[in-house]
Structures are given as structure tokens and as C-alpha cells.
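Okay, structure first, notes after.
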Amino acid sequence: MKNVTELFGSMVFNDHVMRERLPKSTYKALKNCINQGISLDLSIANIVANAMKDWAIEKGATHFTHWFQPMTGITAEKHDSFISPTSDGSIIMEFSGKELIKGEPDASSFPSGGLRATFEARGYTAWDPTSFAFIKDNTLCIPTAFCSYGGEALDKKTPLLRSMSALNKEAIRILKLFGHEDVEKVLTTVGPEQEYFLVDKDLFAKRKDLIFCGRTLFGAKPPKGQELDDHYFGTIKPKVAAFMEELDEELWKLGILAKTEHNEVAPGQHELAPIFTTSNISTDHNQLTMEIMQKVAKRHGLVCLLHEKPFAGVNGSGKHNNWSLSTDTGINLLEPGKSPEENAQFLLFLAAVVKAVDEYQDLLRLSVASAGNDHRLGANEAPPAIVSMFLGEELTAILESIEKDSSYDKKAAAYMEIGVDVLPRFKKDTTDRNRTSPFAFTGNKFEFRMLGSALSISGPNVILNTIVAEALSCFADQLESCDNFQATIQSIIKSTLQEHKRIIFNGNNYADAWVKEAEHRGLLNLKSTPDALPYFIAPKNIELFTKHKIFTESEIYSRYEILLEGYSKVLHIESLTMIEMVKKDIIPAVVSYVDHLTQAALHKRALLSTTCSCDLEEGLINELSSLSGCLYKKLNALDECLISSTFANEQEKANYYKDSVFPAMQELRAVADEIETLVGRTYWPYPTYGDLLFSL
Ligand SMILES: NC(=O)CC[C@H](N)C(=O)O
């Protein structure tokens with residue numbers, strides 16, 4: 001029996017360890033820097049670094065690294081040992097404050113989107129003391145931000161921290177008006193539900209598409225998929241349970257709040273949900289969770305697929321981002337209150353989210369845009385590409401009553417004397433969860449469901465924090481200069497509803513009627529990544545980001561370029577993989593099988609002359625010959641698509657991949673999948689969908 005309380009955080013230089021190991025004054029100074037966001041004095045950093053090193057060495061560490069999140073969407077690390085030579089030929093183990101605070105990795109091979117000239121290859125990593133250092137693979141990892149020589153953010157952490165501080169600033173303005181003088185900080189919190197697939201390692205190794213692209217590029221539909229709904233919450237198979245047990249242990253050691261695990265809807269699909277924590281730590285933890293899932297899976301003879309749509313025809317994998325706001329005094333600002341005054345505050349924050357989501361639906365959409373997620377959105381329990389909000393019937397009715405100046409219900413009358421007469425008291429929303437909604441209110445938080453499973457949660461949370469900060473800032477401007485606080489709140493909520501209620505939709509987001517209705521309401525329907533990304537550089541969005549100091553204009557352009565480039569590159573790699581699979585494996589398989597059938601027919605004929613029927617062989621030979629002719633044509637068409645012309649810019653290139661390359665890939669796949677259904681098992685070069693999905 002493991003002692004989970006002892007295990008938990010045992011590899012983290014957390015607050016508990018700091019208090020234990022640092023001199024009181026150093027601890028206090030460090031905490032002060034963390035809380036106030038000010039930089040650490042070198043003399044203090046030296047003491048912290050030394051204590052960290054001693055602690056890490058005791059735990060078996062030999063190296064340290066600045067652990068950062070470049071714009072690849074994954075993490076990066078460069079290990080340095082603690083050794084330092086002495087004059088007598090031996091070594092001592094050293095780690096200085098300077099090494100803790102700042103690193104200078106060569107940044108030249110990370111995507112920078114033009115932010116870093118090649119002659120300025122250096123980048124800086126700077127310690128983020130709001131996220132604890134930890135030990136992974138005998139290396140002390142120091143969470144850091146990563147920026148260019150000129151100071152521009154080259155990573156995913158820096159903008160997230162900036163967005164958290166923007167939201168803090170604006171939320172505090174509002175809270176002061178409500179009399180919360182004791183609140184010093186408002187933090188955004190996130191709990192990301194991580195979905196993933198597990199497949200057998202040996203089967204994985206036989207599929208180039210899984211190896212190179214993380215998803216199947218071919219595969220005929222198996223006789224059984226998820227039709228019977230028998231996998232969702234089903235008994236966890238022993239092999240998977242053993243994986244989950246070790247995964248939990250590894251995550252707990254790193255202080256990751258792994259809480260819930262279950263089988264998901266698709267066969268072979270699972271989910272791990274942590275307890276929420278501040279957005280910054282949650283983002284670090286989610287990156288670690290994805291990394292450790294993949295490592296632990298290998299130790300169990302499995303491969304963990306984080307792709308958003310590894311298999312066509314069954315559910316994809318998402319990462320539902322449960323987002324909320326809370327104060328350092330412990331108030332969840334998205335929790336409906338018990339009194340009308342509390343509800344006035346709640347409804348104001350809610351209105352800010354409504355305004356934010358409607359005004360910046362383009363940014364929310366593009367924050368989840370990737371080649372992988374394009375396959376997922378709009379089907380199999382994943383939300384569609386049209387951003388809308390689900391508030392549930394009760395909350396919607398309350399907001400409507402405010403908008404129309406009508407009483408919500410009779411019970412509300414009891415609270416009229418308080419002066420916020422149409423801001424009634426109400427219970428937590430109890431309506432059913434709507435799985436098709438991209439952005440659903442779930443009682444005391446919003447579940448942003450559009451995120452794909454492989455995505456760093458940084459991007460979507462940067463957007464969420466920033467757009468809500470902007471809405472709160474508008475409200476604060478009005479409230480700070482008004483004469484009648486309560487009347488102004490009411491009018492803000494009312495006008496917000498009038499202007500933005502088009503974004504609220506509680507119905508079925510999959511229905512064709514919704515697509516039409518959404519269009520009628522003027523909502524965006526950005527179906528693909530290249531359709532969504534240009535909104536990054538829309539003037540209103542540049543203004544938003546620069547106003548709140550989230551991104552400079554050049555940082556915005558760099559991200560836009562990187563994302564576009566990433567999209568085209570993924571499709572290019574997928575196309576090349578398809579071509580290789582068809583040429584090297586699928587064609588030889590069909591040819592052999594047809595030859596086998598031909599030989600069989602010839603042998604029959606030789607033995608029994610014309611009396612024997614060769615209908616089966618002839619039928620299959622004919623069918624396969626015609627399909628393989630078609631396959632060859634589609635293969636050449638895709639091949640030709642890739643001998644591309646030059647493009648004026650990355651947008652044009654991404655559009656080309658979407659409009660020309662992608663359809664050619666789909667057409668090639670369709671023919672190959674049909675061929676797969678006809679070719680004998682021993683001839684087919686790959687494990688089938690049935691093998692992959694039901695192997696554990
Ligand atoms: N049951 C569920 O929550 C399914 C979610 C779904 N897998 C998605 O892609 O978002």
C-alpha cells in the first residue's frame with residue numbers, strides 16, 4: 001500500500017520544502033517576490049539555488065535544466081550537470097543564483113516567426129517562481145519563461161502570465177467597487193480534462209501513420225466501433241488499470257492533482273481529469289501530464305496517442321478546459337451567490353464573459369485551431385467550430401428577465417427591498433450538461449470544450465483571460481464614474497444582454513438548423529485553421545492584445561506565422577506518409593493478393609479445365625484491379641499536389657494545403673480503405689482499426 005500523502009509532491013521544491021529548508025528571511029523575501037511579481041535579488045537567489053541543489057542531490061539529481069515551453073507547443077530542456085572542477089582535480093556540486101534565475105540557451109532552432117534574427121540566436125530563459133521547481137529523470141527542472149535577445153516572448157508561458165495579470169488588474173477594480181478591500185489578487189484557475197487513446201506498442205510500430213503523424217491516415221471502418229456505448233465508464237481493463245496506477249504515482253510525485261480517471265466513449269479511449277489549480281501551474285502540469293502519459297505507457301507495452309482524431313469514425317480526444325476566477329480570499333467569482341448583492345457581482349462577471357465570448361469569438365476559435373483539431377470539431381461529441389455559450393435554462397431565464405425588466409419569478413420579489421430588485425436569488429444551474437456546446441456554464445465555472453487533446457492549454461487561456469479582462473475593464477470604466485452603482489450594474493447587464501445574447505445557445509449545436517440560425521445571428525463559422533488564423537491579426541484584436549500588454553504587434557504576427565506554417569507542415573508530412581504507405585506497402589499488398597487470386601484461378605483451370613467456376617477470383621480480381629487503378633490515379637494526384645508552386649505568403653500556402661492537398665488526401669484514403677475491405681488479412685500490411693481499437 002502506497003502512502004499517497006508522502007508520495008504527493010515528493011519531487012517538488014514546493015512551499016512546504018522552501019519553508020523547511022530556507023532561512024526565514026530568505027523564505028519571506030522569496031514569497032514577497034512571488035506574490036508581488038518582482039524580481040529576486042541575486043544574494044537571495046544564491047541562497048535559494050543552494051538549498052534547491054542540496055535538496056535535489058538528496059533526491060538523486062545530478063543535473064539541472066531550465067524547463068520552458070517554446071512555440072512548438074511542447075516543452076524544452078537542456079541539461080547541465082551540477083559539477084564544477086576544483087584545482088585538485090576533483091569536483092564539487094554547484095548551482096548558483098544566477099543559474100537559477102537566468103539561462104541563455106541557443107534559441108536558433110525554435111520557431112520564432114521572424115521574432116529573432118539569426119544573428120541574434122540567443123534567447124533567455126527566466127525563472128518563473130510562481131511555478132515550483134521539480135525533479136524529473138534525475139534532473140532539477142526550473143520552470144522558466146523564454147524570450148528573445150530583444151525581450152520578445154518566444155514561449156507560451158510569458159503571455160499566459162501577462163494575461164493572468166491583466167485579468168487580475170481589471171477584476172480587482174470591479175471587486176473594490178463591491179467593497180472587497182481585503183482582496184489583493186484575483187487568479188484564474190483551470191482544470192483541464194485530458195483525453196487520450198492507448199494502443200498496443202507492437203501494433204503501433206507497424207503503422208507509419210501513427211509513428212509519423214500520431215493518427216491513422218488509412219483504415220476501414222471496423223464491424224464494431226462505439227455504437228453500443230459500452231466503453232464509456234466501463235470497467236477498466238487490467239492492463240489499462242496498471243498503466244493508470246503508475247501514471248497517478250508519477251503525477252502525484254510531481255504534485256500534479258490527478259483525480260479522476262475513466263474509460264471514454266471510443267474503444268481504447270480514456271480520460272484523466274485533475275483538480276483545478278491556477279492557470280499557470282495547471283498549464284505546466286498539463287504539459288507534464290502529457291509527457292508522462294507517453295512515458296508510462298511505453299513501460300506498459302502501450303503507446304499513448306494524444307492526437308485529436310487518431311481514428312476516423314469514433315470520438316476524437318478533447319481537453320475540456322474548466323475555467324474560473326477566484327480571489328486570494330477564496331471567493332469563486334463564477335459561483336452564484338446566496339444573496340442578491342452577491343448575485344449582482346456574479347451576474348456582472350457572467351455578463352463580462354458573455355460580452356467577451358461574443359466580441360472575441362474569433363479569438364476563441366483560433367486559439368484551438370490546429371490541423372489535428374480540424375478533424376475533431378463538429379462531430380462525435382466534440383463541439384462545432386461555431387462558438388456559442390450554453391448557460392442553461394435557469395440562468396438564461398434570469399438574464400432575459402433582466403434584459404426585459406420583467407420579474408424572474410415570484411420568489412425574487414422577497415429581495416426587492418435590497419435595491420437590486422431584478423437581480424434575483426437563484427439556485428445553481430441544474431440543467432443537463434450539453435455536450436455539443438463549445439463553451440458551457442457548469443454551475444461555478446465555464447467548460448471551454450473546443451480544445452484538442454494535444455494542445456497546450458496556454459493559448460486558449462491567454463485568450464480567455466484577456467478577453468474577459470477587456471470586458472471587465474469596460475464595466476469598471478462605467479462603474480467607477482457612475483452616480484448610482486446599482487442602477488449602473490443593472491443597466492450594464494441589461495445592455496450586455498441586448499448586444500450579446502446572440503452568443504447564448506442552449507440547444508443542439510450539431511443540428512443543421514443551428515448552423516443556419518448561427519449564420520442568421522451573425523456568428524462566425526470558421527471551419528478550418530487557415531480560415532480562423534487571419535483573425536489573429538485583425539485590427540481589433542491587435543488593439544486588444546497591445547492594450548492589455550499581452551502581445552506586442554510583432555509577437556502577434558510571429559504567432560500567426562508559426563501557426564500557419566505548422567498547419568501546412570503537418571499536412572505535408574501526412575501527405576508524404578500517405579504516399580509512402582501506398583507506394584511501399586499498400587500497392588505491393590494489392591498486387592500480391594491479386595496475383596494470388598490469379599494463380600489460384602489459373603491452378604483451378606489447369607486442374608479442372610473449364611468446368612470449374614472462377615467467379616470469386618475473377619470478381620475480386622476485377623474489383624481490385626479497378627480500385628487499384630483508381631488508387632494509382634489518386635496517388636499521383638496527391639503527389640502532384642505536393643510539387644507545389646511558390647506561395648506569396650504562409651496564408652496562401654495554408655489555404656492551398658486546405659483546398660487542394662487535403663481533399664486529395666481524403667480521396668486517396670477513401671480508395672485505400674475500400675481496398676482494405678477486399679484484401680486478405682495476411683496480405684494487408686497494417687493492423688486494422690479493429691486490431692488497434694480492441695487490442696487491450
Ligand atoms: N464524453 C465526452 O465528454 C466526450 C468528449 C469528446 N471526446 C471531445 O472530443 O470533446
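Because the structure is a prediction, the values reported are computed rather than measured. Ligands are counted one by one from 1 in listed order, and the atoms in each one are counted from 1 as well.
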Partner of Asp374 by salt bridge (Lys or Arg N to Asp or Glu O under 4.0 Å), out of Arg365, Lys309, Arg215: Arg365
I'd like to check Tyr657 versus Leu564 (side-chain heavy atoms, cut-off strictly below 4.5 Å). Are they in contact? no
Might you confirm whether atom CD of Gln666 has over 12 heavy atoms from other residues, nucleotides or ligands at distances under 6.0 Å? yes
Taking only heavy atoms of Glu381 into account, list the atoms of ligand 1 that are under 4.0 Å away from them. 1 (N), 2 (C), 4 (C), 5 (C), 6 (C), 8 (C), 10 (O)
Tell me whether the NZ or CZ atom of Arg207 lies within the 45° cone about the ring axis of Tyr686 and under 6.0 Å from its centre. yes
In terms of residue, atom name and distance, what is the protein heavy atom nearest to atom 3 (O) of ligand 1? Arg435 NH1, 3.1 Å
Measuring from non-hydrogen atoms of His320 to any atom of ligand 1, is the shortest distance under 4.0 Å? yes
Do the side chain of Lys540 and the main chain of Glu359 share a donor and acceptor less than 3.5 angstrom apart? yes
Polar proximity ligand 1 side, Val265 side, N/O cut 3.5 Å exclusive: no
Side chain, backbone, both or neither: which part of Glu308 has a heavy atom under 4.0 Å from ligand 1? neither
Between Arg376, Glu271, Gln269, Glu447, which one has a non-hydrogen atom sitting closest to atom 10 (O) of ligand 1? Arg376
The closest protein heavy-atom partner of atom 5 (C) of ligand 1 is Glu195 OE2, 3.4 Å
